[in-house]
Every structure is written in structure tokens, then in C-alpha cells.
*Asks:* 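Here it is, the structure, as C-alpha cells.
Because the structure is predicted, anything quoted here is derived from the model rather than measured. We name chains A, B, ... by the order of the sequence lines, and we start the count at 1 in each one.
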Amino acid sequence: MECLSMSESYPPHSETKWQKAWTDSGAFQQGKRSGRPTFYCLEMYPYPSGKMHMGHVRNYTIGDSIARYRRLAGFDVLYPMGFDSFGMPAENAAKEIGAHPREITDGNIKTITAQLQRMGFSYDWSRRIMSHDEKYYRWNQWFFLRMLEQGLVYRKHAAVNWDPVEQSVLANEQVIDGKGWRSGAVVEQREIPQWFIRITDYAQQLWDGLDDIDYPEHVKSLQKDWLGRSEGATIGFAIEGDTNSVIEVFTTRPDTIFGVTFLTLAPEHPLAEKLLIGTEFEDEWSSLRDEVRVMSDFDRGMLKEKKGVATGRYAIHPLTGDKIPIWIGNFVIASYGTGAVMAVPAHDQRDFDFAKEYEIPIHNVLAEKQDAEVKDLEKAFEGHGWMINSPRTGFDGLFGEDAKRAVIDAIEKENCGKGSIQWKIRDWLISRQRYWGTPIPIIHCESCGAVPVPDDQLPVKLPDDVSFSVQGNPLESSPTFQEADCPSCGKASKRETDTMDTFIDSSWYFLRYTDALNDEKCFEPEVVNHWMNVDFYCGGIEHAQMHLIYSRFWTKALRDLGLHDIDEPFQSLLCQGMVTHATFAKEDGTWVLPTDVNIENGVASLKSTGEPIIIGRVEKMSKSKKNVVDPASIIENYGADTLRLFILFAAQPVAEMEWSDQGITSAWRQLNLLYGLPQSIESWGTDTSEIDAWLSARLSQRVNQWRELMECNDLRGAVEISHFEIQKDLNWYRRRGGNNRDLGHSFFETWAHLLSPATPHLAEMWWNGLGNGDLLAARTLQETGELSTGQIAVLDRETWIRNFLEHARRVSRIAEKHIGKPPNSARIVICEEWKRDLAIAGLNHIISGENVKSFAANISNLKLVEQQDLGQVMALWGKRMLPQIFKWSDEDRRILLGALNEAEVISAAKEFICSELGLSSLEVGIDEESKSAMPMAPAVIYS
RNA sequence: GCCGAGGUACCCGAGUGGUCAAAGGGGGUGGAUUCAAGCUCCACUGCGCAACGCUUCACAGGUUCGAAUCCUGUCCUCGGCACCA
């Protein structure tokens, strides 16, 4: 039996004993348990850096509380953990220290696993996944081959984003502001053959799916930004003197078609060459093209100067037959839409500027206001308007969507275009010129081309005979890896040395977890269908675009390969907020760890030398700014449960959380207070009293409140109930004379369950200390059900007393000033019956849904008016009752409308009230002595 | 410029028409307990006051019997997108 004693403080080091007990009992392993609903709780698996940091701790504390709650609530919970262990940092470290990425990774995994276990997270470690395990990555290769068969994977010689620091290409999404997302290096454009996945085929599904999943609004908005859906029309313009070619343009504003005065092509547009070779404009065009070719899309976006080159050629307007000049523009992006734009200077500012610069006509075809006079434009009018100046009948006067529709109808009818949708998202470039990733299973044969590695030769393993001191891809340094025979013709060939983007690893690991030990298949369809989709997914907002889009895509792609039936991987997503901390710096600007700083009266100095320290902004904890707190030292000093309690109570899961040392000590204090509580019942007696019924009812009420909060992931609110409010309830019980040991025992047993999601070690210590031999973690908590009317009455009565005391105390403080000494006795005057009747009539009036204003008219018909002066009643209603009637809570209303007798309650609690107010005597009266007495608020006359 | 999230008391933070002078925590003040400190418990923590008043939830208006909450406008903070046709 655990030794619980009030004098002893919470023992952080015995937490490991319970961790071992959980592991030994297999409490967190799950399987198909018949009759239990499933719950899949998941956190984004981490990259195994050397140490667990506070961000991890927060993320997993949230997930663990949810998982533990669901187990308690009777679910079969899948809660696995693993490591996203492929990737650049290990390879870079290998280059630096001359080790192998595998050794570094395995070492890190060992360290961080021990730290995660020390936090008491309830993972089923038997399902652990590691991306760099060939048993895992072989399936990346297998999927790649299936997608290749489906035409979902293709190879293209393309200009791509090259990160000169990582020595590898990057996907579009991995280029932020023209820089590599990890290295921060300015990205260059290179032309190399690369592997792509056709994620664009799924753009519409990825867009539509957002309606069916429960993601935070800002994440949905981020994803929509990335997908970049534009609705409009693709329109073909014939070229004068060239019947074989058509210039296709995409526009979101078909309603401006009659305002087109020129076309602009991207410099790399295939037709540009055809139109310009051999013309006087050729040189100008080719230099513009060369200039633009080396720029990323981002740099093009940054172009200040809009440059154009005329072609001397004309296109034919499909609806009017007008001749319109064709230009080349440096701002047109070849890879978006069709790489050609119909330019409408009157209604697009960029075209307007261009037209002014090159003296191209501007045709105003949309009126800003209906029937307004049309003037020359000083700038483009880009809003929706009424069509005007249409050279064809049937268009003028149409507005907005109607106008667009009418134009699309016309071009469709005349076979020169159609309504269409364009996307900003591009195909996913997955080739990386790096070692520490999944080898792409392709063999390049001189005669057969790129040949897939046959399934029975999978996995293509990463070779060990590589050197990490070479420039470029270490895979190319392997003497054995590249040599392979062509699977098709048998000729000596070369293996592909690109590896896959590591986002592929994280795009399906959640599927693998469900059937993690399957050696035959990536997973059994029935098993995936049984568990998926993930009911609660928790991770950082930084993955809102890449990981969360790729995973959604991959899930749909595998579904279409017939591997499972799931449409969306994550039903509900929670992005936990950042953990922040003040930054500290020396005067020369070098960052200093918080633990090295002493703060007194807001002035900071370095502990070691006393030199002054500047307190900087509160920012996200980061190694580079050194504003970090190492979880390990907190666990060592205060235990995992203190850290968990602090994290859950300091802020809502989605909110930013500022680290505070005071917060930790305050959590520690509360934990210690709770720790000793069960022991205290040993000094209780066996008396039963009326307050016993209250404690039981209160606990049931608390359990219900707590469950409700846990159901909607309001962990902070739930912890407030389980770790603070119930303790105060217990105090009240004791204050009111409660002293029943048996009741206390069952009270603590139930309460222990509520403690367990947030502070599982403490909960087990309680459970054990109360004489139970089993593990709390393996138990479920039955639903309490709704409170009975009897229980509600008991609770209401006590609420009334508490409210009354609060009211009486307030009056007492003022009375004291008048009497000149603390009051010694009090007369409590309950309001007259008619006031109560009036209140009840008024309440019933508004409860029935009537407007409160109409009640005054009913007053003269009330029975109470027979005894009372109507004027007095009306005055009370207007002045005091009307404002008050809405201030009564549901509880108050119930009490008021119910059978509670105020005088009787006071009399029954007379002694208690006297001692609380420090009075020697108390009497209760119902008369007209005090006009101020109101229902629920008796007058208190002190003397 | 566009989109999204916000602005609540000394601090953190809950609160989306009346239960709000506004939960909870921290900090502060007073009291009880203690030889004492810590812990714990109780009370107070906008102003006024023998209750019924006044002022307050970024700012300014509006709707309503009633607004922290709804509407309009303004200011500010954070995040994302941005010559995407």
C-alpha cells in the first residue's frame, strides 16, 4: 500500500513505478474488443531529435489526456507512437561528425523514447513505426510503383526549385518567400529530370473534403489558399494568319471579354517561339525569356518592372472578330492556367498599367453603377459591374455572375471556349538528391528507359557503403548501389539515386499504425477500415499545409488503389498553441538560458557574474534564442504530473501558453494538496448528516460537468473541475459538518477517475492508497446519468445558503460602519408572499415565451392585487422586479418556482449561519418590516 | 490589397443577449491555524453604500425592456496569401 500522509509531499520518483505497472499489465494495448466503440487518438509523430522539448510535452500531454479519457469512457482506444526518422538533420549531422545517419537516428530514438515514457504517456509501443525501418519504407516504394502504373506518378524534365544548401530540389510548398523552408537559402531554378505525383488530379476532392472534416477554420483557410481554386473560363483565341494554332487563355472574369484589347503570353509559352522566331522582335523576346527562366515563381511575383515585348502578330477576338495584338509579358507565369492571359486594361490594374506603358487602347465594358455616366477611367475598375458597350446584343445590363454565365454560354455555343476551374497547387515534386530517405525504385536502362523495380525485389534498401564527406548525394558514392541489371532486358543499367520527399513517410503512417506488425501487406483493408479515420489528431499548426494536404491526398489515392475505404484521414484536428517564454540576452546580444538568469523586481542579471541582462519579447521557445525550459529538469524536481497539470491548466490546448515558473510551483502545490487528501478521511468519524446527500449529489453533478467538458476537448475546463472545484466542494462538506468516512472513501474512489487523464500517476497513487489492488488505468467509469429531482433539490438548498451568506456578508460590512462595531445579532426578514407571487407570475410570463414588456398589462388581473395596492405593485415591478427577473439563474428560477421555503432553510441552518457571520443570535421573520426584502434576497437587519 | 484569428480587471484567462461587477488561476490585503515559517482554511481585491446606485470587457455610434456578447464604422495585434489572370 502506498504511503499517503499529509506531511509527506508528492513523490516524483515513484511515478516510474506506475509506468512500469502500466507496461507490465499491457493496459494500453488494444485490439478488436467486441462491443466497444473504437477511438483513434493520434499525435503527429516526431522527428527524433536528441531530446524531448516542451512543445512535444504539450502536444502529447493533450493527446494522452484525450486517450486516457476515452479509455475511461469505455472506448477501445488506439493510441500509438513512432518516429518520422528519415530526413535532413540526421544526414547533416552525419556529414558534420562523420557518423552514419542510422546510428545517430537510432541513438536519438532511444533517448527520446525514454523521455516520453518518463512522462507516463499511454502509448501502445508495440505498434511503433520508424520511417527509416525498411519494413516501413518498402511500402513507400510499393505505393510509388502502384501509382506509376495508374499514371499518378510521372517523370518530367523540369525547371525546379534547387536549394543550394540542402543540395536538393524542393517541392513548391517547401519554398517560402523564395527560400528553402528549412535551410533558408535562396532557391535557384534548375532543369533536371524529376519525379512528380499528380496531386492536382485530387485538387477538387481536397477542396470539397474540407466541408466534411472538423479542422479549425484557419487551417481550412490555409489549405484553401494552397489549393487556390479559381473558377472561370478557358477561351481560345485564333491567331491571324495561322489556322493551326489557338491561344488558350484562362480568366476568372469572362464578363470582361469585350474589354480585351491584347493578349499576353508567358515568355516560355510554346507558341511564343513559333510566333517570334525569325522576326524583328526575336532578340528582345529571347533575352526576356532567359531573364525570367532562372527566376522562381516567387521572384517573378516580386518583379517591380512589368516588361513586355510585342510580337507584331494578332489574335482574333472569338466573339467580335476584332484584331487584337499579342504581347509577351515577363509577369505571366507559364505554369499557371494556360500561361496566357487575356488582357482587359479597363478592369484589371496590372493590364491597365501595361496598356498605359505600351499605349494600347482601353475599352470600358463594365459600369460601376447602374445607369451611371461612363467616364474615362483613371484606374482599372476591378469590381463586379453592369455590362456596357457590348458590341453584341443580349449582354448589356447583365451583372456579375449572370454576366459571366452569359459569356460562358456564348463561347461554349460557338465552340471557342468553356467554363473551367484552375488551381494554384502544382504537382508534387518528390525527388530529393539526398541519402537519408526512401530510394525511388527505378532502374534506368539505356534501351528501356526508366524501368520499375519488380515487386519481389523490394525493398530497394539504402546501402551502407556510402561516404558522407562527398559533395552532393551520398548515394552516388556507393560502389554497389547504382549497378543493377535492367529488369526488362537484363542489360547493365543504373539505379535511380534520388530518394523520396520524407513527407511521403508521414502521409500514411497513421494507416500503418492500425496494422503495424503486418509483414505481408502494407495493412489489411478491414483493419484500417475498423480503426480509421483518426478521431482526434493533434499537432502543430506548421503542418497545416504540407503534411495535412499530402496525407489527405495520399489517403484518397490509396483508397482509389482499392487499399481501403476511407476518404479523409483525420476527422478532427486540434492544433495546439505554441509554448512561449521571455527571451534573455546579454548586452552584446548573445542569448542566455532562463536558468542562468536571476530576476529581482523586474531587473535581470546573469547568475554567474551578475552582469545585466536584457529581458526581451515573449516568444515561441526555440533553441536558437535559448528561451527554453528543459522538461527533464522539471520532471526530475516536480514529477511528470506537475508538468502535465501545469500545461493543461495554464491554457486551452489551442491557445498560446506562456511558460511560468510560478505556474509550475503553483501546480506543484495543488498536486501536493491533492496528494494528501485521501489519507485525511482516516481521521473522519462515522456520523451521517444531511450534508452527506449534498456531497453525493455534488459529485454526480461534477462528474457530469467534467464529462461534458472532456467530450469537447475543453481540457482546461475539465481540469478546473477535477483538480480544483471538487477539492473546494470537499472543503464545503467539511465546513458544513460532513464527517462520514465511508462516504469519503467512495467519494475519493470516484474522484480518482477524474484525476487520471491529466495526472495519471497521482490517480494511481490515490487508487492504491484507498486499498485497491488493480490499476485505475484499466478501468472504466460508468455514466452517472441525470440527477434526480431529489438531488437537485438538495443542491439548490445549499446553493441558496451560499448565496445568502454572500449577500449577508456584504450587508454586514456596511452595517458595521453604521453600528460602529461588528454586529452581534441579526433579524432576517423574508419577503412578503405577494412579492414572491409577482415574481413567479413574471417568470412564468417570460418562460412561456411572452415579451416581458407585455407583463405590466397583466398585473392588474393578478390575484395578489386584491390584497395589495396596485400602484405599489406596479412600482415594484417596474423598478426592481423587472431588472431582477432576468438576473436569476436557471438555478434561482428553479428554486423560486419550486417548493423551497426560505424561512425554513434559514432556520435549519441557523447555527451554521451564525458561526459564518460571527453572530450570537439570529431570528427569522416574515412581515413588512423591511421593504427591501426580495425573493431570493431576504433583508438582514444587524444590531 | 485579400483571407482568417483576436483586443475582457494588476497579470494570465473563461465568457457569443438577461445566470455579468464579469468564472478560475496568479499576484496583493486581512483573518484563522502555528512557538514560528511553510502548507492549509476563510474573507476581501472597480467606486459608492444598511442593501435598490454609479462606472467598466480596444474606441465611437446603433438595435433592444436589457449588450462584454448582436449590427455599423474606426483603431490596433497576430497568422496566412499575394502581379494566380
Side-chain angles (χ1 to χ4, degrees), chain A residues 6-7 9 216-222 224-226 228 230 232 249-253 256 264 297-298 300-304 306 329-333 335-344 348-351 353-354 382 422-424 541 544-545 649-652 654-658 660 662-663 665-667 669-670 672-673 676 714 716-717 719-721 724-725 728 731 734-735 806-819 823 846 851-856 876 878-880 882-893 916 930-934 937 939-942:
Chain A
M6 272 168 41
S7 58
S9 64
E217 270 315 306
H218 63 292
V219 173
K220 287 189 182 184
S221 142
L222 285 173
K224 286 185 173 180
D225 278 347
W226 270 110
S230 293
V249 302
F250 173 73
T251 179
T252 55
R253 297 299 301 276
T256 63
T264 324
D297 289 354
F298 175 79
R300 271 190 229 200
M302 285 283 115
L303 278 176
K304 288 267 156 29
K306 312 278 182 288
N330 63 350
F331 55 88
V332 182
I333 298 165
S335 56
Y336 181 78
T338 59
V341 185
M342 66 175 215
V344 185
D348 181 287
Q349 191 57 40
R350 187 189 50 204
D351 295 341
D353 297 340
F354 195 91
E382 297 186 322
Q422 286 295 330
W423 299 89
K424 195 173 74 178
I541 183 69
Q545 286 127 357
F649 190 57
Q652 280 289 11
V654 296
E656 183 180 290
M657 187 194 104
E658 190 178 341
S660 131
Q662 200 170 56
T665 49
S666 145
R669 227 170 32 220
Q670 188 67 18
N672 274 297
L673 171 57
D714 185 348
R716 188 178 187 278
V719 164
E720 199 171 320
I721 301 270
F724 293 86
E725 295 300 332
K728 288 184 220 162
N731 285 343
R734 295 289 286 162
R735 251 169 100 186
E806 223 169 272
H807 168 69
R809 271 197 204 99
R810 217 180 310 131
V811 179
S812 165
R813 275 192 299 280
I814 298 148
E816 190 176 332
K817 291 185 198 168
H818 287 254
I819 310 170
I846 58 165
N851 189 310
V852 71
K853 279 198 283 186
S854 59
F855 181 69
L876 181 83
K879 255 181 105 179
R880 296 196 56 197
L882 173 64
Q884 179 62 53
I885 202 153
F886 291 102
K887 290 193 177 176
W888 282 314
S889 66
D890 289 347
E891 239 172 2
D892 292 338
R893 286 183 183 192
E916 286 292 310
S930 173
K931 295 238 184 301
S932 62
M934 286 282 281
V940 186
I941 300 147
Y942 288 99

*Asks:* On a whole-Å scale, what distance lies between the C1' atoms belonging to rC39(B) and rG48(B)?
*Replies:* 37 Å
*Asks:* Say we look at rG30(B) and rC78(B): how far apart would their P atoms be, to the nearest angstrom?
*Replies:*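 Result for the P pair: 40 Å, nearest Å.
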*Asks:* Taking only the C1' atom of each, what is the distance from rC57(B) to rC20(B) in whole angstrom?
*Replies:*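 After rounding to an integer number of Å, I get 10 Å for this pair.
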*Asks:* Of the options rG24(B), rA82(B), rA51(B), whose atoms approach the side-chain atoms of Val940(A) most closely?
*Replies:* rA51(B)
*Asks:* Looking at the side chain of His818(A), which of rG27(B), rA85(B), rC49(B) is the nearest nucleotide?
*Replies:*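 Output: rC49(B).
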*Asks:* Quantified in whole Å, what is the P atom distance between nucleotide rU29(B) and nucleotide rA37(B)?
*Replies:* 15 Å
*Asks:* Out of rU40(B), rC3(B), rG80(B), which has the shortest distance to the side chain of Ser221(A)?
*Replies:* rC3(B)
*Asks:* Rounding to an integer number of angstrom, what distance separates rC2(B) and rC54(B) when you compare their P atoms?
*Replies:* 43 Å
*Asks:* Once you round it to whole Å, what is the distance between P of rG24(B) and CZ of Arg716(A)?
*Replies:*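 After rounding, the gap between these two atoms is 11 Å.
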*Asks:* Go through rG80(B), rU40(B), rA23(B) for me and flag the one nearest to the Leu222(A) side chain.
*Replies:* rG80(B)
*Asks:* Just call it for Glu720(A): base, sugar-phosphate, or nothing, with non-hydrogen atoms closer than 4.0 Å on any strand.
*Replies:* base
*Asks:* Hey, which of these two, Val852(A) or Ser666(A), hits RNA chain B nearer its 5' end, going by closest nucleotide?
*Replies:*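 Checking each residue's closest nucleotide, the 5'-ward one belongs to Ser666(A).
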*Asks:* At 4.0 Å (heavy atoms only), tell me whether Tyr942(A) reaches a base, stays on the sugar-phosphate, or touches nothing.
*Replies:* base
*Asks:* With the side chain of Gln545(A) defined as its heavy atoms from C-beta on, choose the nearest nucleotide among rA50(B), rU19(B), rG80(B).
*Replies:* rG80(B)
*Asks:* Could you state the atom-to-atom distance from CE of Met657(A) to P of rG26(B) in whole Å?
*Replies:* 16 Å
*Asks:* Side chain of Leu673(A), heavy atoms from C-beta onward: which of rG27(B), rC41(B), rG24(B) has the nearest atom to it?
*Replies:*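 So the side chain of Leu673(A) is nearest to rC41(B).
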*Asks:* Are Met342(A) and Arg253(A) close enough that some pair of their side-chain heavy atoms sits under 4.5 Å apart?
*Replies:* no
*Asks:* For a quick check of understanding: with a heavy-atom distance under 4.0 Å over all strands, which category does Gln652(A) fall into, base, sugar-phosphate or nothing?
*Replies:*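 Sugar-phosphate only.
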*Asks:* Is the shortest side-chain heavy-atom distance between Val249(A) and Val341(A) below 4.5 Å?
*Replies:*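 In short, these two side chains do not touch, never coming nearer than 4.5 Å.
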*Asks:* So what's rG24(B) paired with, Watson-Crick or G-U wobble, going by both distances under 3.5 Å?
*Replies:* rC12(B)
*Asks:* Could you tell me whether Asn731(A) contacts a base, only the sugar-phosphate backbone, or nothing, with contacts defined as non-hydrogen atoms closer than 4.0 Å?
*Replies:* sugar-phosphate
*Asks:* Taking rU8(B) as the reference, what is the distance to rC3(B) when you measure between their C1' atoms (whole Å, please)?
*Replies:* 26 Å
*Asks:* Do Ile846(A) and Phe855(A) have side-chain heavy atoms sitting under 4.5 Å apart?
*Replies:*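 Not in contact.
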*Asks:* When the P atoms of rG25(B) and rA43(B) are compared, how many Å lie between them, rounded to an integer?
*Replies:* 12 Å
*Asks:* Looking only at atom P, what distance separates rC59(B) and rU69(B), rounded to whole Å?
*Replies:*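 About 11 Å, rounded to a whole number of Å.
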*Asks:* Looking at Ala650(A) and Met657(A), what are the two nearest heavy atoms and their distance?
*Replies:*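 So the minimum-distance heavy-atom pair works out to CB-CG, 3.8 Å.
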*Asks:* Could you please name the partner base of rG6(B), counting Watson-Crick and G-U wobble pairs only when both distances are under 3.5 Å?
*Replies:*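 By the stated definition (distances under 3.5 Å), rC76(B) pairs with rG6(B).
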*Asks:* If you define the side chain from C-beta out and look only at heavy atoms, does anything of Tyr336(A) sit under 4.5 Å from Ser230(A)?
*Replies:*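 Side chain of Tyr336(A) against side chain of Ser230(A), heavy atoms only: contact under 4.5 Å found.
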*Asks:* Only pairs with both distances under 3.5 Å count, Watson-Crick or wobble alike; so what is the partner of rC81(B) in this structure?
*Replies:* rG1(B)
